[in-house]
Amino acid sequence: MFIDAMGLILAENRRLSLGELTSKRAQAALPFAGRYRLIDFMLSNLVNTGISRVGVVTFNKYRSLMDHLGSGKAWDLSRKESGLFILPPNAQSDSLSSSGDIGDMTAVLDLLRTSHWTHVLVCGANNVFTTTFDDFYKRHVDAGADVSFLYDTDGAEANRSATVLTTDKAGWVKEILLSPESRAGMKVSLDVMLLRRQLLIELLSDAIARGEHVLSLDRILRRHTHLRILAQPFEGVCLRIHSVESYFAATMRVLEKPVRKSLFWSALPVYTKVKDEAPSHYCCGCEVSNSMISDGCRIHGRVEDSMVFRAVTIGARSSLKNCIVFQDAYISEGCELENVILDKACFLRPGVKLVGQAAYPVVIGKGAVV
Amino acid sequence: MFIDAMGLILAENRRLSLGELTSKRAQAALPFAGRYRLIDFMLSNLVNTGISRVGVVTFNKYRSLMDHLGSGKAWDLSRKESGLFILPPNAQSDSLSSSGDIGDMTAVLDLLRTSHWTHVLVCGANNVFTTTFDDFYKRHVDAGADVSFLYDTDGAEANRSATVLTTDKAGWVKEILLSPESRAGMKVSLDVMLLRRQLLIELLSDAIARGEHVLSLDRILRRHTHLRILAQPFEGVCLRIHSVESYFAATMRVLEKPVRKSLFWSALPVYTKVKDEAPSHYCCGCEVSNSMISDGCRIHGRVEDSMVFRAVTIGARSSLKNCIVFQDAYISEGCELENVILDKACFLRPGVKLVGQAAYPVVIGKGAVV
Amino acid sequence: MARNDIVAMILAGGQGSRLGALTKHLAKPAVPFGGRYRIIDFPLSNCSNSGISTVGVLTQYQPLVLNTYIGNGQPWDLDRNDGGAFILPPYQKSSRSDWYKGTANAIHQNADFIDGYDPKCLLVLSGDHIYKMDYAKMLRAHFDRNADATIAVIEVPWEETSRFGIMETDADGRIVDFQEKPAKAKSNLASMGIYIFTWDVLKKALQEDEDDPKSSNDFGKDVIPRMMAAGANLQTYRFSGYWKDVGTVESLWSANMDILDRPDDLNLFDRSWRIYSRNPVKPAHYVARGARLQNTCLTDGDIIEGEVDHSVLFHSVVVEAGAIVKDSVLMPGAVVQAGAYVQKAIVGAGAVIGKKARIGFASVGSSPYLSRICSDDITVIERGLQIRAKADIPGNCMVEWRDDLSEGNVVERRNPVR
Amino acid sequence: MARNDIVAMILAGGQGSRLGALTKHLAKPAVPFGGRYRIIDFPLSNCSNSGISTVGVLTQYQPLVLNTYIGNGQPWDLDRNDGGAFILPPYQKSSRSDWYKGTANAIHQNADFIDGYDPKCLLVLSGDHIYKMDYAKMLRAHFDRNADATIAVIEVPWEETSRFGIMETDADGRIVDFQEKPAKAKSNLASMGIYIFTWDVLKKALQEDEDDPKSSNDFGKDVIPRMMAAGANLQTYRFSGYWKDVGTVESLWSANMDILDRPDDLNLFDRSWRIYSRNPVKPAHYVARGARLQNTCLTDGDIIEGEVDHSVLFHSVVVEAGAIVKDSVLMPGAVVQAGAYVQKAIVGAGAVIGKKARIGFASVGSSPYLSRICSDDITVIERGLQIRAKADIPGNCMVEWRDDLSEGNVVERRNPVR
């Protein structure tokens, strides 16, 4: 309530790679949990906090984000003056500059300068959790911090290139460590930072003046040791997506009741693009167990421990175990799949058998006919 | 009524140049006639024809268009599945490709392939006129043409690089001439073409296969001599914007009653972005003559034969003659301006005198302080 | 379609008293249908898909749910700057104020609103039918035949003609006679209650109808016969396909079952003619280990731990482990607790069936809730009711809230429904 | 502000009979004001700028214009998926149906609607005041003081206190006494008719008010005194700035003139608090050679060939060559034909002042249209009237359409207004 802040979502973490799953889509546009894209969670968190202007920073593959976000209506961010802003790299000259990276920050600076909010919440999109930032904001303001970081100590799950904070007892940050070797039990950043808009403008302008082109606030902040940086703990469930393996594991965790409850049933809605699919039809003879299935599906076969996106057909006598099936996939009769990720609109001919390992799931690329 | 077509607006004509006025904005985003941008006229024509999906093709400077068009609400083109699509060049790789031009057509092809309309209206944005394309569409269908061009014979006004059509008596095109020397009395294209969507897909795919990257349909069509191309005359007022000089002259023509009537009072609304400015205040002592003035202005001085955009202040004892003043300009007291184009948010100090020639107006760049 | 070709008006006025408790808190067009939808989603989506951008919803009974549901019209692509979806209630004028007297009077009272859009034609729809139809095709036929009014008709079995308004036409489809629920019909072409009128012609006819003190101000009973008598050019437009009135408990139940048993008839999966609805913003359905599902529709937010057979579940329904649901319709947020058995029931939104309760298990039995409007052993549970654990409710009951709730009643309490 | 902190309700029910012909076809909040606006734009824009996203407009008198005007709420940034702007008319329930009895009853009848958004507080506004105010600040004060109700107050001159509801407060702003239009006031803090209530508390108070058969169901007269008597924590919130009731012809006229004479008081140019309105989609104004303009507001689509002095013109107004307009308000599409003279007039939308007609030229004179609700020599012309060439209309006239139009009447005919 009475939050005086805008949001900025970095749609791409250049330190991470998700292989073929993100070869044609931004990381933030990666499908997750049946009907969402990763960015939906952070966007919903911002909207549920009462934030009405959000910039989405992307340096490439922004078409995937433009398609998903559209005018922002699904998040109630289609507004007259505030609303949703996709910030693709800037191309001002008459032909595209080959050093397009410069745009990363200039477009952000433009947006910051034309806004009137006092604070900015700068967020990544690779961590999935459901919350509002009311308390985070209040503690930041009450403590008189220059910058606040949100963290948890779920270090074992964190990726190699995580940002780790060391603090004093009161929670003030002493050091910001990028990608340290050991992370167990340490305070690992959730890529959510709060600071004054003017301070962010100063930090970015300074970085540009120093020839930096990539918006990496962790990195920039390390230089500004005079700032009072507060680390605030996040107590809820957070799933970190930093590799194909962690993506697969996070999806399986969504099937667990406490995780489902924390992400989806906390009274805070998670918004996503509405597709107007029909209800799913569970046909005679289907067998479904410990799975999430989205609308528009027709299920004839067996589905176990799996995540099925919208408008998927699973043929009779087919069997899925530990699978993730993106939207519009068609699985014919008599297929057998285990530890498989099927990307959007894949088509499996009758009788196809695909088996991967939980730690190394088989990934079938978008639109493939197998 | 019952038009089965989508629209495609080419926001940039690479054969034309408008100097500083378009150095930081797409041609289609050039302010015109007090409260519009050039693209508003063609967008309104399409919307008034009942077309609900419009792609806007831009190869650079798309931020100016994104800012103006927003979600498309002002044109009632903020829709669930159809609506407005800005098609920036495609950047799929992890760093921006230096041959960004390739995207010109691939994004268009994507949009065409995912649409269901039978026909496509392909339009430029440099010609200003108000109409619907109902008759154009009907004649095209009735005549069984493969392609229709809209033209007028106002050749003296046409720019050097105009496309000229030679036809037989029935109006079927015999030749498409690019930039011929003499154009007087000839049929000069208005950059409005109608053809089947499938045919356009074939033509573009073929052009890409031949290594062409720029969407120039005139040029492409010249190769396909087997097509039945119909030239249809446009009878109304059309203003062609192809240089700073023609832009200036076209603006002055808008002050003429028949032109104003034809563009704005034909019962077809011309939509533009709504700015919610206050009514303009004509203060005591102002003198205004043969001028158009937009909302949000405060007029203390003299304005004659001029076009004033939104939220402009004209100080006491200042005098404007034959001027175009873009939005948010501030003209202090005692200035004297003749044949001047002041770009957005210029600030003139008291007593500034600027005089150009009607054929060579002085252009003061965006945000300049003089 | 151009903006000023046509404006649509949906008649959503009726209380729908034959649906009993289902329409106690909301107008009939707002009644949930088919897992994701409300009845009015069908005419609204048809309008949107037909390219009609201005739709008025005429309603005077319990419009609040409908008002909130339609909201800005965005789910149906009807959030337009000039036009869109409007709820049009009766109102007070400087001279007088009236509730709507009949369907024709409702249009008449809103003539100024319609005139504001200056349309050539007016499309009049009823808000209680389930069907998919392209009104643009009907409009084209209306123009092609230069009609004053065009009425959509469907062939019905000869033995059912007495339930409909029957149109007798000449070889070209022009109406030559009209019989309201005839004992002996001359044709089996029934009016679907879908009219396109040339607006200028209708305006005059509505004024004449208004000036006639004996008129009941109804389209079928008064306006159409009057126009026919005056020699107007009345045409039919033939429709074939799924079309169902859902005005009774039995027809509402069986139309829901049609989605399971005849999925290709209405075909909700057809992407070229989507039926839109307001999204509940819930996650995908979760089917637990040990659950069993057969020929059942689920949608967002459902959590199934028990057994569900041949049923339509709306969003956020919970079926706990050991519960059995058969041949039923469970509206949003309904909960079937562990060990309960539910058969052939329509369970209202947010109603909770207590542990080991049995509904419709014995089709014959005695209950204070037995109701004449329930037939075919179908039982209806009002929204928000908490049914007591181990309660036993036979078929044909309409279980409603009563203030004089005694200890022994099957209803334990009433929960607020959001 | 978070969605469920607050819901706003604008009371737009009154006919506004003191505005005569100006409210014959539309509710008072829909009356045009200030060149680009309608009265309701002010509370709607205040809500939007304060971050309030759910606004109900309670109306039962001539809501059609308001309904079309508010539409999807987009001009005020109120086209929300969950929330937005809603027209809330009276309706029929299964048990009974009522028109709104009073302001409090109007809220009471819509309690279910409000509950659907589960707000902590309810903001109640009236739809006939011109002002700019940040309700978020008032809400913060409401929370900070843990109030049951907070009432916005403004200091009025002591000699005018008898026209207002006057609040007597303690040193901290808590209300200790309340006098409705007191002969002898104990304070000069007047209620602005802007209330924030803690919703749970108000709901109870409304039910008690409803149960009292003697209540007139009005906030000022019944609910606030009842809450005070019950010891509720009622706080004031001090406002200073431009605030004007535009309920009479004279006040409507002079509030329009304030825009010219005291432009910095309301300051419509302030970009940090824009007043939104539905855009007419017209070109920039055109001022011809030979036109003269002094201290005048113009907006989209105006065409000025004549002389306009100290006047407020709405969109698409035409002043022909040789015509003179002074001290007047010309509503959308009004036309002043060549040689006409118009002084101190409010000319309704689409009205045409014929050639060489004179309005208000002689402030005293006899006319069948002289009206008690017109004062200060102000003349009102009903929308759409065609005033005959050379007609002479003195000040203080309310020129309305009459069916018994004689040849000699100054009104020639009535044009339809879109």
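Owing to the predicted nature of the structure, the values given are computational and were not obtained by experimental measurement. Below, read A as the first sequence line, B as the second, and so on, with proteins coming before strands; counting in each chain starts at 1.
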Any [X] side-chain heavy atom under 4.5 Å of [Y] side chain:
X	Y	value
Val55(D)	Leu78(D)	yes
Asn279(D)	Pro75(D)	no
Ser254(D)	Lys244(D)	yes
Ser311(D)	Val342(D)	no
Trp273(D)	Ser45(D)	no

Contact class of [X] relative to chain D, heavy atoms under 4.5 angstrom:
X	value
Tyr36(B)	side chain
Cys283(B)	backbone
Val270(B)	backbone

Interface residue of largest heavy-atom contact number with chain B, from [options], under 4.5 Å:
options	value
Asp79(D), Val308(D), Asp302(D)	Asp79(D)
Asn295(D), Ile304(D), Leu313(D)	Asn295(D)
His285(D), Gln74(D), Arg289(D)	His285(D)
Leu298(D), Asp309(D), Leu293(D)	Leu298(D)
Leu268(D), Val287(D), Ile275(D), Val281(D)	Val287(D)
Thr299(D), Ile303(D), Asn267(D), Val312(D)	Thr299(D)

Of the listed residues ([options]), which shares the most heavy-atom pairs with chain D below a 4.5 Å separation?
options	result
Gly34(B), Ser294(B), Ser291(B), Cys284(B)	Ser291(B)
Arg260(B), Glu304(B), Arg310(B), Met307(B)	Arg260(B)
Met292(B), Lys257(B), Glu287(B)	Met292(B)
Leu255(B), Ile293(B), Val303(B), Leu263(B)	Ile293(B)

Contacting moiety of [X], where chain B heavy atoms sit under 4.5 Å:
X	result
Arg274(D)	side chain
Arg292(D)	neither
Tyr37(D)	side chain

Practice task
List the steps and the verdict of side chain to side chain donor-acceptor pair (under 3.5 Å) for Trp76(D) and Asp41(D).
Solution key: CA-CA 8 Å; Trp76(D) 306 270; Asp41(D) 286 331; 3.0 Å; yes
Exercise for the section: Verify whether one side chain among Ser48(D) and Asp77(D) offers a donor that lies under 3.5 Å from an acceptor in the other. Expected result: no
Exercise for the section: Verify the ring-centre separation between His68(B) and Trp75(B): is it less than 6.0 angstrom? Expected result: yes
Exercise for the section: Check step by step if side-chain contact (heavy atoms from CB on, under 4.5 Å) holds for Phe42(D) and Met133(D). Expected result: CA-CA 9 Å; Phe42(D) 290 82; Met133(D) 179 172 172; over 6 Å; no
Practice task
Just say parallel, tilted or perpendicular for the rings of Trp243(D) and His129(D), cut-offs at 30° and 60°.
Solution key: parallel
